[in-house]
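For reference, the structure is listed below as structure tokens.
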Amino acid sequence: MAAATLALAVPGTAFAAHGFLAIDGVAHEDPSGCFPLGDFVPPVVSNHTDAIAEVHSGPDCTGQVTWLIYPGETYHPNGSRSVFVL
């Protein structure tokens with residue numbers, strides 16, 4: 001029982017994608033979490049990480065996932081408001 005309790009008490013390591021996510025030419029090194037997209041100009045997102053980036057219809061990574069940007073891909077998420085990288 002003590003071993004099980006100890007195993008649950010050890011915190012997990014934080015994970016970030018390795019590489020960079022470029023949003024409108026701005027590189028985010030080893031990204032993790034939610035990134036806003038511009039409101040006025042159609043954004044361009046280039047995924048140069050080892051993780052999949054989810055494009056969300058709403059701000060703060062709310063709403064539906066409208067597209068998945070796989071490593072090495074570039075996407076123009078017209079009408080979407082945010083991108084999430086695990």
Side-chain angles (χ1 to χ4, degrees):
M1 184 64 121
T5 303
L6 180 60
L8 293 175
V10 176
T13 58
F15 177 80
H18 297 286
F20 69 95
L21 184 73
I23 300 174
D24 296 332
V26 176
H28 301 275
E29 197 72 31
D30 295 335
S32 178
C34 189
F35 297 87
L37 298 176
D39 291 330
F40 303 107
V41 177
V44 176
V45 181
S46 295
N47 185 359
H48 299 282
T49 72
D50 58 357
I52 297 171
E54 298 176 341
V55 178
H56 288 260
S57 61
D60 301 319
C61 295
T62 60
Q64 293 188 350
V65 174
T66 58
W67 196 260
L68 298 176
I69 307 172
Y70 289 88
E73 291 184 342
T74 296
Y75 182 63
H76 302 266
N78 294 329
S80 296
R81 304 288 309 277
S82 55
V83 175
F84 181 80
V85 180
L86 179 65

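Any value given below was found using the heavy atoms of this structure, including those in side chains, with hydrogens, waters and symmetry copies removed. This structure is a prediction, so every number in the text was calculated from the model and none was measured.
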> Looking at residues at least two apart in the chain, or sitting in another chain, which of them share a side-chain hydrogen bond (donor to acceptor under 3.5 Å, both in side chains) with Thr74?
Replying inline: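 Once residues adjacent in sequence are excluded, the partners of Thr74 under the side-chain hydrogen bond (donor to acceptor under 3.5 Å, both in side chains) criterion are Ser46.
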>> Show every salt bridge (charged side-chain N to carboxylate O under 4.0 Å, His left out) that has at least one partner inside residues 54-72, sequence neighbours left out.
In response: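 Every pair satisfying salt bridge (charged side-chain N to carboxylate O under 4.0 Å, His left out) with a residue in residues 54-72: there are none.
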> Restricting to pairs with a member in residues 70-80, which pass salt bridge (charged side-chain N to carboxylate O under 4.0 Å, His left out), not counting sequence neighbours?
Replying inline: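 Qualifying pairs, neighbours excluded: none.
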>> If the condition is side chain to side chain contact (heavy atoms under 4.5 Å, CB included), which residues does Pro71 pass it with, not counting sequence neighbours?
In response: Asn47, Ile52
>> Listing request: all ring-ring contact (aromatic ring centres under 6.0 Å, His included) pairs with a residue in residues 51-71, at least two apart in sequence or in separate chains.
In response: Trp67-Tyr75
>> Determine whether Val55 and Val65 satisfy the following criterion, side-chain contact (heavy atoms from CB on, under 4.5 Å), listing intermediate values before the conclusion.
In response: CA-CA 6 Å; Val55 178; Val65 174; 5.9 Å; no
Which atom pairs, one a donor and one an acceptor, fall under 3.5 Å between side chains of residues 78-86 and the rest of the protein, sequence neighbours left out?
{"from": "Ser80", "atom 1": "OG", "to": "Thr66", "atom 2": "OG1", "distance (Å)": "3.0"}
{"from": "Arg81", "atom 1": "NE", "to": "Asp39", "atom 2": "OD1", "distance (Å)": "3.3"}
{"from": "Arg81", "atom 1": "NH2", "to": "Asp39", "atom 2": "OD1", "distance (Å)": "3.1"}
{"from": "Ser82", "atom 1": "OG", "to": "Gly58", "atom 2": "O", "distance (Å)": "2.6"}
{"from": "Ser82", "atom 1": "OG", "to": "Cys61", "atom 2": "N", "distance (Å)": "2.9"}

Side-chain donor/acceptor pairs under 3.5 Å, residues 17-34, sequence neighbours excluded:
{"from": "Asp24", "atom 1": "OD1", "to": "Val44", "atom 2": "N", "distance (Å)": "2.9"}
{"from": "Asp30", "atom 1": "OD1", "to": "Gly19", "atom 2": "N", "distance (Å)": "3.0"}
{"from": "Ser32", "atom 1": "OG", "to": "Phe15", "atom 2": "O", "distance (Å)": "3.4"}

